[in-house]
Amino acid sequence: MLNPKEIKKKFPILNQKIHEKPLIYLDSAASSQKPQQVIRKMSSFLRTDYANVHRGVHYLSQQATDKCEQVREKIQKFINAQSSSEIIFTKGTTESINTVAFSYCQSLKPGSEIIITEMEHHSNIVPWQIACQKYNLTLKHIPVLTNGELDLKAYTKILTKNTALVAITHASNVLGTINPLKQIITQAHLIGAKVLVDGAQAVPHFKVNVQELDCDFYCFSSHKLYGPSGIGILYAKKNILDTLPPFQFGGGMIETVTLDKTTFAEPPLRFEAGTPPIEAIIGFGAAIQFIEKIGLDNIHRYETALIQYAHQKIKKVSDLQIIGTAEHKVSVLSFVLKNIHAHDIGTILDQEGIAVRVGHHCAQPLMQKYQIPATVRISFGLYNTFEEVDILIQALNKVKKIMSLPKSPKGDD
Ligand code: 7TS
């Protein structure tokens, strides 16, 4: 069993006070904190090993190239891709999705359809809207049921022979819902559509196996996975990548250039224009190593127990409504408190040393669905504890006391 208190000691940032209270960090879905191991690895690489990659014959450049390529292989194994050439380094999930939207969509017949869902993060909505405008495609969506699960009957209805791609999140950053991808992907493939999975909120919480899922594209970010920001992954099946044109152009992605014409490198380099975030790649590798040592199965088991405990405790707070009660959830919990704005709750919790995210969480269509302006969201990482949940509950009761309207004295109107 995972020992969160020991793990927490490995994260320097977590061992501090905020507003004179021990920090309780409940915002890992926005970005997780970084263990010492990742910080140390990046700093030692910058001190003694740094050079540009894929460009030099000198020792440092070759060593840096080898180290980055080893991280690519590590990530290939981490998600069980067939080949490391299916792993493309991007800036993050957003850039991975944009790459597919503006590369894959170019060759689609006008009138082809893209399906998204009502629970997507803006980064899995906006690129498709723009690609649809640019290439004359049609955008459809799968609605969300009140409990935060997808309406799969509606999916069956909107899936047609014109569907070219289904772009769907593996786990919702607001509701926590884990979507039944296997079924969704099988149905899409039956009519010849491809499937892109936004895995930003899945990979930190449970083992992902892209071959088993049989998805065509899978996107995620290092910074939610205990690694640095500025680096993420686009996985794509090799036979698809081979047919895709590049999305960005410049150095590093070419085969030959004359003043008139360019031929492009093979994947993955074809999709990696310019100098990559080298030290971030190295840090990402260290983060994967850190997670694998603890084991994603252990992480999943522990976080599931923690989120269930949080659900039990939090639903006893009066006037509180949980947004998203799907059967299968990652460790993300959104809620609203009657007559108290999420931003007030967030501000008071901050004074108690508790970091949560409040707002629309870059999922405005979901807020429109539930007819709320915002939620408070708590999201756990492997360093959070049951005691922290108890402190959160006390703090929420304090919020209610502070924000409750003074009762007007008798006779006063
Ligand atoms: N997809 C999902 C499901 C996300 O939760 C996020 C970021 C992204 C895509 C974008 O990832 P990026 O690394 O490219 O920025 N989600 C959040 C969040 O929930 N709070 O802050 C960022």
Side-chain angles (χ1 to χ4, degrees), residues 25-34 75 88-102 116-130 141-142 144 148 150 166-179 181 184 195-206 208 215 217-235 247-248 276-277 280-281 283-284 287 307 323-324 326 328-335 342-343 346 355-367 374-381:
Y25 188 75
L26 300 179
D27 196 20
S28 293
S31 206
S32 58
Q33 298 297 351
K34 321 302 167 201
I75 289 161
I88 296 161
F89 289 129
T90 64
K91 250 177 21 197
T93 308
T94 303
E95 193 177 59
S96 302
I97 296 171
N98 273 275
T99 302
V100 180
F102 296 99
I116 58 171
T117 85
E118 204 176 8
M119 67 167 76
E120 299 307 313
H121 186 278
H122 294 165
S123 61
N124 201 27
I125 300 176
V126 187
W128 304 114
Q129 288 176 345
I130 307 301
H141 72 266
I142 312 173
V144 168
L150 287 176
V166 178
I168 180 170
T169 195
H170 202 163
S172 158
N173 69 318
V174 178
L175 309 166
T177 312
I178 302 173
N179 287 318
L181 284 190
I184 289 166
V195 179
L196 173 140
V197 181
D198 172 352
Q201 298 293 347
V203 281
H205 303 296
F206 55 86
V208 169
C215 55
F217 305 98
Y218 198 96
C219 312
F220 57 103
S221 303
S222 149
H223 70 94
K224 296 190 200 288
L225 203 50
Y226 309 103
S229 49
I231 178 76
I233 298 298
L234 167 62
Y235 155 82
F247 160 59
Q248 289 173 342
I281 294 175
F284 193 10
I307 195 72
I323 306 294
H328 301 292
K329 286 184 67 167
V330 289
S331 51
V332 166
L333 198 167
S334 280
F335 64 87
H343 285 82
V356 297
R357 184 167 173 195
V358 295
H360 54 62
H361 315 290
C362 298
Q364 286 186 10
L366 207 47
M367 299 297 120
T375 77
V376 180
R377 180 188 69 184
I378 61 171
S379 56
F380 296 127

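Atoms considered below: every heavy atom in the structure, side chains included; atoms not considered: hydrogens, waters and symmetry mates. In listed order, ligands and their atoms are each counted from 1.
- In summary, the atoms of ligand 1 found under 4.0 Å from a heavy atom of Ser123, numbered by their order in the structure, are 1 (N), 8 (C), 9 (C), 10 (C).
- Looking at Lys224 next to ligand 1, an N or O pair under 3.5 Å apart turns up.
- Side-chain atoms of Phe217 and Ile97, non-hydrogen and from C-beta on, never get closer than 4.5 Å to each other.
- From the protein, the heavy atom lying nearest to atom 4 (C) of ligand 1 is His121 CD2, 3.4 Å.
- Close contacts of ligand 1 with His223, meaning ligand atoms under 4.0 Å from a residue heavy atom, involve 12 (P), 13 (O).
- For the residue pair Ser96 and Thr90, a side-chain donor N or O sits within less than 3.5 Å of a side-chain acceptor on the partner.
- The atoms of ligand 1 that sit less than 4.0 Å from any heavy atom of Ser221 are 11 (O), 12 (P), 13 (O), 14 (O).
- Atoms of ligand 1 lying under 4.0 Å from any heavy atom of Thr169, numbered from 1 in the order shown and given with element: 3 (C).
- Close approach to Ala30 involves these atoms of ligand 1, each under 4.0 Å from a residue heavy atom: 18 (C), 20 (N), 21 (O), 22 (C).
- The nearest heavy-atom contact from the protein to atom 3 (C) of ligand 1 is Asp198 OD2, 3.4 Å.
- Listed by chain and residue number, nothing satisfies the side-chain hydrogen bond (donor to acceptor under 3.5 Å, both in side chains) test with Lys91 (two or more places apart in sequence, or in another chain).
- A donor-acceptor pair under 3.5 Å links the side-chain atoms of Asn173 to the main chain of His361, judged by distance alone.
- Judged by distance alone, with hydrogens and angles left aside, the side-chain atoms of Thr99 form no donor-acceptor pair with the main-chain N or O of Phe247 at under 3.5 Å.
- Within ligand 1, the atoms closer than 4.0 Å to a non-hydrogen atom of Ala29 are 17 (C), 18 (C), 19 (O), numbered from 1 in the order shown.
- Aromatic ring centroids of His205 and His170 lie 6.0 Å or more apart.
- Looking at ligand 1, you'll find an N or O of Asn173 within less than 3.5 Å of one of its N or O atoms.
- Atoms of ligand 1 found under 4.0 Å from any heavy atom of Gln201 (numbered from 1 in listed order, with element): 3 (C), 4 (C), 5 (O), 16 (N), 19 (O).
- Among protein heavy atoms, the minimum distance from atom 14 (O) of ligand 1 is reached at Thr94 OG1, 2.6 Å.
- Among protein heavy atoms, the minimum distance from atom 20 (N) of ligand 1 is reached at Arg357 NH1, 2.5 Å.
- The shortest side-chain heavy-atom distance between Ile233 and Tyr218 does not fall under the 4.5 Å cut-off.
- The protein heavy-atom contact nearest to atom 19 (O) of ligand 1 is Arg377 NH1, 2.6 Å.
- Closest heavy-atom approach to atom 11 (O) of ligand 1 among the candidates Asp27, Thr93, Ile97, Thr90: Thr93.
- Proximity of Glu120 to ligand 1 is not established, as no heavy-atom distance is less than 4.0 Å.
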